[in-house]
Amino acid sequence: MSTIVYDQFGSGHHGTTIGCLRALYRLVEAGFSPDRVAVIGCGSGVLAMAAASVWPSCVIDSDIDPVAVVVARSNLVANGIEHRVEAVF
């Protein structure tokens, strides 16, 4: 990931996000490869982008806040992976 638009959403440095990224890394190391990935509460889209960068899975990034979805979509485009992740409200 090269670009993150923050707006009011996170940079990926929040403790929960870091924990999720570490868990994702452990799953990758263990050879886990899911058919589908769902991120509930997309924020800036960091977790979905990370999942899409390591797995060929279908990735859904969702949030109840439509602004979060707009921010996530912007980040997907800025990082050139909008074709790999569907951000939904």
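Quick note: numbers below take in every heavy atom, side chains included, and nothing from hydrogens, waters or symmetry partners.
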Original post:
So, do S33 and P56 sit near enough that their side-chain heavy atoms are less than 4.5 Å apart?
Top reply: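 S33 vs P56: side chains touch.
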Give a yes or no answer on whether the side chain of [X] reaches the backbone of [Y] with a donor-acceptor pair at less than 3.5 Å.
X   : Y   : value
R36 : C58 : no
N75 : S44 : yes
N79 : I81 : no

Is there a path of hydrophobic side-chain contacts, each under 4.5 Å between heavy atoms of I, L, V, M, F, W or Y residues, that connects [X] with [Y]?
X   : Y   : value
V67 : I64 : no
L27 : V54 : yes
I40 : V46 : no

Original post:
For V88, what are the other residues in its hydrophobic cluster, where any two members join if their side-chain heavy atoms are less than 4.5 angstrom apart?
Top reply: I60
Subject >> Separation of E86 CD from C42 SG (nearest 0.5 Å) >> reply: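 C42 atom SG to E86 atom CD measures 11.5 Å (nearest 0.5 Å).
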Original post:
How many angstroms lie between OG1 in T16 and CG in L21, if you round to the nearest 0.5 Å?
Top reply: 11.0 Å
Subject >> side-chain contact (heavy atoms from CB on, under 4.5 Å) partners for V77, two or more places apart >> reply: E82
**OP:** Hey, could you give me each pair passing side chain to side chain donor-acceptor pair (under 3.5 Å) that has a residue in residues 46-62? Not counting sequence neighbours.
**Re:** none
Subject >> Pairs involving residues 23-32, ordered by first then second residue, that meet side chain to side chain donor-acceptor pair (under 3.5 Å) (sequence neighbours left out) >> reply: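 Sorted result for residues 23-32: Y25-E29.
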Minimum heavy-atom distance [X]-[Y], with the two atoms named:
X   : Y   : result
A52 : V85 : CB-CG2, 3.6 Å
L76 : A87 : CD1-CB, 4.2 Å
L47 : C20 : CD2-CB, 3.7 Å

